[in-house]
Amino acid sequence: LQGQVLDLQWQHADTYLGVVLAAPGYPDKPTTGISVPTVKGADYASVNGTTEQLLGNGGRLMMVTDHAPSLAEAQRRVYARLAKLDLGDLIYRTDIGDKGLDDSSV
């Protein structure tokens, strides 16, 4: 893409919500070498290995994202995806998106 002008279009139909998964001990002393699952559509950072066996090499290791017409539904979907995964010792917050919800959207 170097030297090319990108034609970006902002979408307004859905809300996207991503939850970052981190190594145990994050942020002070993250455990390295921890197994990280391969998840379709996830974004990875600080990992090495192969797609069959990813290993953590830092603190924040991956982000799982989902989308829906509302924030409440996007939040429900991403946490439902996480609940189905074998995450081992990976840690993540369970309140992502809460501040954007009001009583009428839950």
Side-chain angles (χ1 to χ4, degrees):
L1 295 175
Q2 187 174 352
Q4 296 179 351
V5 176
L6 299 177
D7 180 25
L8 301 176
Q9 306 254 334
W10 196 260
Q11 72 82 29
H12 299 276
D14 277 352
T15 298
Y16 286 74
L17 184 80
V19 175
V20 173
L21 290 88
Y26 174 82
D28 298 322
K29 282 186 126 179
T31 303
T32 59
I34 190 164
S35 181
V36 178
T38 302
V39 178
K40 184 178 180 182
D43 295 301
Y44 292 88
S46 301
V47 296
N48 54 35
T50 66
T51 54
E52 291 79 28
Q53 185 170 12
L54 294 174
L55 298 174
N57 194 31
R60 291 181 249 175
L61 303 175
M62 66 186 290
M63 181 170 63
V64 176
T65 305
D66 214 315
H67 62 95
S70 71
L71 175 59
E73 182 61 14
Q75 183 189 51
R76 187 197 67 72
R77 287 182 185 182
V78 75
Y79 283 116
R81 284 186 69 195
L82 289 170
K84 294 177 184 176
L85 299 174
D86 180 9
L87 299 174
D89 292 329
L90 295 181
I91 59 172
Y92 62 91
R93 291 179 50 165
T94 58
D95 64 342
I96 303 300
D98 283 357
K99 289 184 179 179
L101 298 174
D102 61 26
D103 293 334
S104 65
S105 64
V106 177

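Count residues from 1 along the sequence.
Summarising the geometry of A68 relative to E73, their closest heavy-atom pair is CB-CG, 3.3 Å, with the distance given to 0.1 Å. In terms of heavy atoms, T38 sits closest to Y44 at CA-OH, 3.2 Å. Pairing each heavy atom of V78 with each of V64, the nearest pair is CG2-O, 3.3 Å. Between Y16 and T65 the shortest heavy-atom distance is CD2-CG2, 4.2 Å. For the pair P30 and A23, the tightest heavy-atom approach, listed with the atom from each and the gap, is CB-CB, 4.0 Å.
Between Y79 and I96, the closest side-chain pair of non-hydrogen atoms falls below 4.5 Å. At least one side-chain heavy atom of L71 sits less than 4.5 Å from a side-chain heavy atom of L101. Residues M62 and P37 are in side-chain contact: their nearest non-hydrogen atoms beyond the backbone lie under 4.5 Å apart.
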Open item on the list: Using the rule given for side chain to side chain contact (heavy atoms under 4.5 Å, CB included), can you reason through R81 versus V39, listing the C-alpha separation, both sets of side-chain angles and the distance that settles it, and then say yes or no?
Closed with: CA-CA 10 Å; R81 284 186 69 195; V39 178; 3.5 Å; yes
- [ ] Evaluate side chain to side chain contact (heavy atoms under 4.5 Å, CB included) for L21 paired with L87, printing each intermediate quantity in order.
- [x] CA-CA 9 Å; L21 290 88; L87 299 174; 3.6 Å; yes
- [ ] Go through the steps to decide whether Y92 and L82 satisfy the test side chain to side chain contact (heavy atoms under 4.5 Å, CB included), and finish with yes or no.
- [x] CA-CA 10 Å; Y92 62 91; L82 289 170; 3.7 Å; yes
Open item on the list: For a side chain to side chain contact (heavy atoms under 4.5 Å, CB included) check, start with the C-alpha distance between I34 and L55, then their side-chain angles and the critical distance, and finish with the verdict.
Closed with: CA-CA 5 Å; I34 190 164; L55 298 174; over 6 Å; no
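Connection of L85 to V47 is established within a shared hydrophobic cluster, with ILVMFWY side chains joined at heavy-atom distances below 4.5 Å, either directly or through further cluster members. Residues V36 and V19 share a single hydrophobic cluster, defined by chaining ILVMFWY side chains whose heavy atoms lie under 4.5 Å apart. Under the 4.5 Å side-chain heavy-atom criterion for Ile, Leu, Val, Met, Phe, Trp and Tyr, L61 and Y26 are members of distinct hydrophobic clusters.
The backbone N or O of L17 lies less than 3.5 Å from no partner atom in the side chain of R77, so there is not a single donor-acceptor pair. No donor-acceptor pair under 3.5 Å is formed between the side chain of S46 and the backbone N or O of N57.
The neighbour count for D86 CG, taken as heavy atoms of other residues, nucleotides or ligands under 6.0 Å away, does not exceed 12.
Atom OG of S35 and atom CG of D89 lie 9.5 Å apart (nearest 0.5 Å). The CZ atom of R60 lies 11.5 Å from the CD1 atom of I91; values are rounded to the nearest 0.5 Å.
Side-chain atoms of Q75 and D66 form no donor-acceptor pair, as typed in the model, at a separation below 3.5 Å.
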